[in-house]
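Read the structure below first, then the notes.
The basis for the numbers below is simple: all heavy atoms, side chains too, and nothing from hydrogens, waters or symmetry mates. Just follow the structure's listing: the first ligand is 1, and inside any ligand the first atom is 1.
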Amino acid sequence: MTVSSAPGKLYLFGEHAVVYGEPAIACAVDRRVTATVERRDDDRLRVRAPDLRLDSFAAEFGERADGGVAVDADEGAVAAALGYVRGAVESAYDHVGERAGLDVTVESDLPLGAGLSSSAAVVVATLHAAVRAMDGDIREETLAERAYRVESDVQDGDASRMDTYCTTVGGAVRVEGEEGERLEAPELPLAVGYDGGSGNTGELVADVRELKETYGFAADTVGAIGDIVRAGRPAVESGDLDEVGRLMDFDHGLLSALGVSARSLDEMVWAAREGGAAGAKLTGAGGGGCVVALDPEGTALRALELAPACEEAFAAPLDREGVRAE
Ligand code: PMV
């Protein structure tokens with residue numbers, strides 16, 4: 001039996017703009033998806049994923065006339081959730097050149113579909129554990145690239161390399177186009193607020209694309225987000241928390257202008273700021289899900305916990321380790 005885990009991540013700067021080749025900076029957070037893989041005696045693949053719920057997915061089980069079980073669920077959502085696991089296993093088969101029967105169990109202590117890259121962590125952890133279960137080896141760059149291809153197949157286009165890269169290597173990372181690099185960052189006191197919901201990444205990305213193609217000033221806004229990332233890099237590397245916070249606030253304003261914030265996200269951002277955050281912004285695709293606050297005094301976390309829009313808040317220190325064998 002092999003067990004691998006991979007961390008979630010949050011965007012410090014640059015989501016959405018990264019889709020158009022601008023740079024972005026993200027941090028791995030110390031909440032993980034764990035995949036356990038065991039070889040079977042036959043050649044079947046069995047997947048258990050008790051935490052793989054999507055917001056739009058509610059299953060109702062009932063008995064069918066023929067004695068089988070009918071599942072009333074959004075089949076597209078179920079197929080997408082399982083698609084990540086199946087895609088990861090197929091990629092592992094391709095990598096080791098063997099198709100062994102496997103039992104795969106995926107568990108998550110990340111909120112799912114909320115902008116913390118749970119799907120990338122599922123793919124990376126499953127691929128890593130499945131390769132090892134078949135006595136194979138995989139290098140970080142190969143794992144990140146394979147995981148990226150699985151994610152973009154399941155999501156059908158328009159995904160950046162950030163999620164799978166950051167989840168694979170851990171720490172603070174910068175991605176621009178096909179290039180990823182780790183940044184030497186000191187400790188960043190981050191806190192996350194989660195509204196209990198999620199946005200539709202595909203739709204939000206498509207909306208921003210349309211805006212950008214319609215208005216020159218929307219295209220300029222995307223470029224300005226890239227400028228924030230360029231200014232943010234030295235601030236992150238030198239641990240200038242005031243500057244990082246100021247740039248996070250600015251980034252949230254530009255993301256709002258592009259239409260990807262939500263009332264719940266704005267409420268949590270303001271609660272965090274009023275609670276003493278050095279800066280706060282939505283993280284990920286937006287529309288709902290999570291905000292990230294830079295919380296040097298530890299007071300913004302409490303403010304987030306008390307915010308009516310916030311269902312769950314937690315400290316999210318940087319996780320310097322990416323995927324690992326447990
Ligand atoms: O919500 P998430 O974690 O899937 O982040 C999406 C971030 C985007 O920049 C909007 C898309 C991408 O693939 O980078």
Side-chain angles (χ1 to χ4, degrees), residues 6-29 31 33 52 54-56 77 80-81 83-84 108 110-124 144-145 147-168 173-180 190 192-212 218 221-226 228-229 251-252 254-262 264-265 281-292 316:
K9 74 111 205 7
L10 42 81
Y11 271 99
L12 217 44
F13 311 113
E15 53 272 84
H16 284 286
V18 70
V19 173
Y20 309 100
E22 296 290 350
I25 295 175
C27 297
V29 297
R31 288 202 162 202
V33 167
L52 276 194
L54 296 184
D55 210 34
S56 55
Y84 290 113
S108 173
L110 280 168
L112 295 163
L116 297 182
S117 298
S118 51
S119 57
V122 166
V123 174
V124 168
E145 185 56 30
Y148 168 68
R149 276 192 258 132
V150 172
E151 269 226 308
S152 33
D153 281 354
V154 178
Q155 286 170 6
D156 214 5
D158 266 3
S160 73
R161 285 179 148 73
M162 177 59 96
D163 289 13
T164 42
Y165 182 71
C166 186
T167 297
T168 302
V173 308
R174 177 181 171 283
V175 161
E176 183 168 358
E178 297 191 359
E179 300 300 316
L190 300 172
V192 169
Y194 173 42
D195 70 4
S198 60
N200 181 324
T201 303
E203 275 174 23
L204 291 153
V205 169
D207 289 349
V208 170
R209 182 180 291 282
E210 196 186 326
L211 214 52
K212 179 175 168 292
T221 305
V222 168
I225 291 177
I228 289 182
V229 182
D251 197 1
H252 183 75
L254 296 183
L255 289 165
S256 301
L258 290 174
V260 299
S261 192
S264 56
L265 300 178
K281 61 181 277 292
L282 69 85
T283 177
C290 290
V291 300
V292 54

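Checked by distance only, ligand 1 and Ala285 come closer than 3.5 Å through their nitrogen or oxygen atoms. Between Glu15 and ligand 1, no N or O atom pair is found at a separation short of 3.5 Å.
Using a 4.5 Å heavy-atom threshold, the side chains of Ile225 and Leu258 count as touching. Using a 4.5 Å cut-off on side-chain heavy atoms (C-beta onward), Thr221 and Lys212 make no contact. Side-chain atoms of Leu282 and Cys290, non-hydrogen and from C-beta on, never get closer than 4.5 Å to each other.
Interface atoms of ligand 1 facing Lys9, defined by a heavy-atom separation under 4.0 Å, are 3 (O). Using a 4.0 Å cut-off to heavy atoms of Gly284, the atoms of ligand 1 that qualify are 1 (O), 5 (O). Using a 4.0 Å cut-off to heavy atoms of Val18, the atoms of ligand 1 that qualify are 9 (O), 14 (O). Contact atoms of ligand 1 toward Val205: 10 (C) (distance under 4.0 Å to a heavy atom of the residue). The contact set between ligand 1 and Ser160, taken as ligand atoms under 4.0 Å from a residue heavy atom, comprises 12 (C), 13 (O), 14 (O).
The CZ atom of Arg31 lies 11.5 Å from the CG atom of Leu10; values are rounded to the nearest 0.5 Å.
With sequence neighbours left out, the side-chain contact (heavy atoms from CB on, under 4.5 Å) criterion links Leu204 to His16, Val260, Ala285.
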Verify side chain to side chain contact (heavy atoms under 4.5 Å, CB included) between Leu116 and Tyr194, making sure each step is shown before the conclusion. CA-CA 10 Å; Leu116 297 182; Tyr194 173 42; over 6 Å; no
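Using 4.0 Å as the threshold, His16 has a heavy atom nearer than that to some atom of ligand 1.
The nearest pair of heavy atoms linking Ala24 to Met162 is O-CE, 3.2 Å.
Among Val19, Asp163, Leu10, Thr283, the residue whose heavy atom lies nearest to atom 11 (C) of ligand 1 is Val19.
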